[in-house]
Number of protein chains: 2
Amino acid sequence: MSKHKVTFLPHNTEIEIESGETLIRAAMDAGVHINASCGGGGTCGKCRVIIEKGTVTGEVTGMLNQEDLDKGLRLACMSTISDDLVVRVPTESAMDASALNAQASPRKTAHIKKMDFNKLKEKGLFHAPVEKVYVELTPPSVGDNISDVTRLVTHLKMHCEENKLQLALPVIQKTPEVFREDDFKVTVTIARPVRDGNKSRIINIQSGDTSERNYAIAMDIGTTTIYGQLVDLITGEVLSQFGDFNAQISYGEDVISRIVYAEKEGGMERLRQVVMGTINKVLGKLFIRAKIDSEEISTITLAGNTTMTQLLLGVNPKYIRRAPYVPTSTLYPPLGAAGLGMNLPAHVIALVYPQVSSYVGGDIVAGVMGSGMYRSEKLTLYIDIGTNAEIVIGNKDWLACTACSAGPAFEGGGIKLGMRAANGAIEDFSIDPVTYEPMVMTIGNVPPKGICGSGLIIMVAAMFEAGVIDSRGTFNQALKTDRIRQTDDIWEYVVVWKDQTQIERDVVLTEPDIDNLIRAKGAVYSGCQTLLEEVGLGINDIEHIILAGGFGSYIDLEKAMTIGFLPETDGDKVTFIGNGSLMGAKMSSLTNRLRKDVGEVTNAMTNFELADTPSYMDHYIAALFLPHTDLNLFPRLKERMDARRALRK
Amino acid sequence: MSKHKVTFLPHNTEIEIESGETLIRAAMDAGVHINASCGGGGTCGKCRVIIEKGTVTGEVTGMLNQEDLDKGLRLACMSTISDDLVVRVPTESAMDASALNAQASPRKTAHIKKMDFNKLKEKGLFHAPVEKVYVELTPPSVGDNISDVTRLVTHLKMHCEENKLQLALPVIQKTPEVFREDDFKVTVTIARPVRDGNKSRIINIQSGDTSERNYAIAMDIGTTTIYGQLVDLITGEVLSQFGDFNAQISYGEDVISRIVYAEKEGGMERLRQVVMGTINKVLGKLFIRAKIDSEEISTITLAGNTTMTQLLLGVNPKYIRRAPYVPTSTLYPPLGAAGLGMNLPAHVIALVYPQVSSYVGGDIVAGVMGSGMYRSEKLTLYIDIGTNAEIVIGNKDWLACTACSAGPAFEGGGIKLGMRAANGAIEDFSIDPVTYEPMVMTIGNVPPKGICGSGLIIMVAAMFEAGVIDSRGTFNQALKTDRIRQTDDIWEYVVVWKDQTQIERDVVLTEPDIDNLIRAKGAVYSGCQTLLEEVGLGINDIEHIILAGGFGSYIDLEKAMTIGFLPETDGDKVTFIGNGSLMGAKMSSLTNRLRKDVGEVTNAMTNFELADTPSYMDHYIAALFLPHTDLNLFPRLKERMDARRALRK
């Protein structure tokens, strides 16, 4: 993908941006405010800019007349970048430049970490957990009529140095026919022991030479979504991936409501069947997309939180939600995937990621594994953000973890016009610090329907920095704008007027919405603080932040630090790994070295229950401000606020 | 049971016999011939004897008048012994005494070997394979909320020196409830590894202290019958046993016909379900009879021949009946009993005895284990007799084995009036060497219906020694008796006249019957000879004979040697172990030491295929005589025959 340079005037702000992006995205990313309220769909006509150099492509709407066009005027949201550009933002669209420069914090998402299979091999971290070996056996004769299985095992011992082999019954069952399909030429799938000295298991035999086709499934069993990947065990490549909503959603949005349902007569089995239905749907899609037959799968690795794992395995999660929050088991033995109800052949072994505690589950262990934080020298803070936030702090020498309930605000829950990250959700926002007019972008560039979690963070951060709200999240009622108003005794800011929305009502941000966000970010931040304190460290000691979870990828880091959701640090030090659970599951599908580490890492992860830690509540209350009662924890923000204050004077 | 001395006159033969036995049994066992043809039911009135000293109890039938009674006459078959006796056999009932003395060979069955659990313990051969441990765990609290399973494993590690523990999913699934039923007081069932260094498995947990109740099932899966025992793992006692016909019989009497059926569409699964039906019936009876709940069972050990084992486990036996006779596997991993279809709880592990070859199966390995021959210094011949005879020769240093097809003669098959050992079957027989009148005893002492295998051996031996048949099994047509006659060109001996039978026809023994028996015994004997020759030994090197199988218990050893079925040896050197397969299964249920040996013994058993050994046919042809073409192999018989010949002159 080629990149182009866009220079915004009069700000003289430059940004490198990918070809094909819209001009309004370029402005947003560059921190250049352009009034816009239709989400980027070309209907409000507010985002007029003048192309001074270069050309843009894209529709010319009825919002501009010929005179406008002759002047070089275009709608930023309808203009696609395919050239280096110099763009002037007219006064009517722009905010005060000096204020802009003080405030400008171009959107910065974390860089995305992906696994490099070759690097893994170079580092010596690759020990194939499942290998296929092709052998040509001598067919039996009158003088040599040992059993089929003995023939195979003896051959492998003599010619392949396989000394400790075990066969499961399903493999024995298929042996007689498979051996004779292609004159005793067979491919054997051997699952290696995680620990040296244990037995290798022959988990499958196939006739002929299929040694080049060896695949695994990695799967993240989330409360909301289930994601799978089909991985080539020889190249490390992901051949297909697919995600779907966990059908258990119909029985409750969060783990607690699932547990409550599981306690009903037949409820647990119902939930087990339902999640298995989704798993099988995902599996089916993975096979079709990769054009792989399920028979060629060797293993499936599953990672999920403690409740999802117990439900999946038919282990009653009842005591997870009752003090003192005891999970049933942290470790699970290798299981037969077919026996669990998966549409996989009998030979496939399911490896289930171990749990640390009732609220730090296999998904987090997988994330710690997949992110590699347990091998890092740096003091790392790992956060997986959802309705529950799991926090892990540590490095290669030690690991501590905890979980806190963030509530549903990050997923748009409890927010008056909150919604999931879907089409029409406001995901980006800026505010003119003079006129208090907004710049709004939605997912899909369609008229707004509501506000998603990442949009909410950006909105609150922008309003806070613009002085629209104070550190308690209260609106400055003195500002001269009709967007700040009181409805039914509640103060709110009108983000988009009714006629510009899809929903025929004003999209507003209310004080209770802000309060909910503050509680959510406060819970996470104070969780980090409390955990650090328990291990004798402070928030400033953190050298690296890893964000996991679907939500993390949309977070504007700088804004998240502005509201005190994340500790202030260099953007370079933040890594986003996306679905950490899936990443860990994939990685341990690929190498035994990691599978071996899993048990050790799980044991090394010391769990802290925030409920048992009295200081948590103190930290929490201190964190119920923007960004925090102690502004010294956020020195960069403090500097910006001081500068802004100076400017205003 | 008290014993009494019975002296028969005029022979002056004494025998010690148990109180309650009949006089005719005493005579039979003492080798005293008394004419009798009704099987011992008091209807023919032929077995008149005079009680000269002592008194007998029992019915006095209409066959004797007052005068007879006053003379002290009684029917031997109706007289029960409860006193020391002197009994005179009147001339009409007795045979010639001098001939008798030359011929007399009191019936001698092998002594029966039973397992002695305490001796096993004394010898250091007892390593409990499954133990129950009662533990009182500290209930979880706010400061101690590790998972239930971790709590248990940690406790066992710290207080019971259990270091390598593994749990199966079904145990994990029941953990939360079981732990909380009796305030974290639980009994854990731990299955020990057969080999040191491997992991112990927690296969069950129960609330409260159930450590005194720990049971196992041992089961022999025979082609014809299935026998089970329920064993107390603490005392070694058999609490119940039950046997039933294998319902697969409807699909064929022998293994070959079962394999043929299994090759039909759906046949294998059908046979699997059918045998599982019988197994579950046997299990049900075992539980009821022992008053044990299935939940208290820890393991089931199964032994069966190769075909029965493969059918049971759903492994196609197709290639067992096709040259070069390849079984699928010799070893099977520990399996979930419930998964196989057994009505046993999920925690029960099924251990399946390994196979040596297609025709030397787990039943024979179990017999070798159970009999202890693999620990003996003596060169031992182990024979399990059925339609197939399996032969093992060896001692603690080496073991060789083979199988030969004996045909169905020993089970009454292919014999004109042959029948299974059931009520009305002639099981004992003697013949007057002068009058050629028979003495017949039946199972159940009821009028005869036919001849069972053990009766057949005795009959042929007696006729051979009496000169009624020659060494080729041909009747001496010159003898003056109307019992030897020709019907439809076939020579036969009338054992019981029609009016004395239940079947309204004469019970006869024909020359083809004798021929079938000679072929059967010839196959077994020459099998032994060939196997010995393969290992460089001769039949006279054998120091100990072990007979296994239901049939073996009824064999009159001396008669079996007379016909050349068994090599001639002292009766003391012959041991009968009954169902060797069940015995082995039971013993390895009880001690891991034996389970450990099983694998080694199986590997040590060198299999010889008689079909591949050209000398087998030569040995077989030489054995198709009574007792053998080489009479020097049977020196005792030779001596008796010489003496008889001398007497006659």
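Throughout, a chain's letter reflects where its sequence line sits, starting with A, and its residues are numbered from 1.
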Only pairs of heavy atoms separated by less than 4.5 Å count here; which of [options] has the most with chain B?
{"options": "Asn316(A), Thr175(A), Thr150(A), Leu169(A)", "value": "Leu169(A)"}
{"options": "Thr328(A), Val149(A), Val326(A), Asp612(A)", "value": "Thr328(A)"}
{"options": "Asn145(A), Val356(A), Asp144(A)", "value": "Asn145(A)"}

Q | Main-chain N/O of Leu313(A) paired with Gln173(B) side-chain donor or acceptor, under 3.5 Å | A | yes

Q: Tell me, for Glu609(B) versus chain A, whether the close heavy atoms (under 4.5 Å) come from the side chain, the backbone, both or neither.
A: side chain

(Q) A quick test of your reading: do over 12 heavy atoms of other residues, nucleotides or ligands sit less than 6.0 Å from CD of Glu265(B)? (A) no

Taking side chain as everything from C-beta outward and backbone as N, CA, C, O, which of these in [X] sits under 4.5 Å from a heavy atom of chain B? Side chain, backbone, both or neither.
{"X": "Lys318(A)", "answer": "side chain"}
{"X": "Leu152(A)", "answer": "neither"}
{"X": "Ser141(A)", "answer": "backbone"}
{"X": "Leu340(A)", "answer": "side chain"}
{"X": "Arg180(A)", "answer": "side chain"}

Q: Would you name the heavy atoms of Ile172(A) and Tyr332(B) that are closest together and state the gap between them?
A: CG2-CE2, 3.6 Å

Q: Indicate the atoms forming the closest heavy-atom contact of Ser147(A) with Ser329(B), along with that distance.
A: OG-CA, 3.6 Å

Q) Among Ala168(B), Ala323(B), Pro333(B), Pro170(B), which residue forms the greatest number of heavy-atom pairs with chain A at distances under 4.5 Å? A) Pro333(B)

Q) What's the spacing between Asp148(B) CG and Thr330(A) OG1 if we round to 0.5 Å? A) 10.5 Å

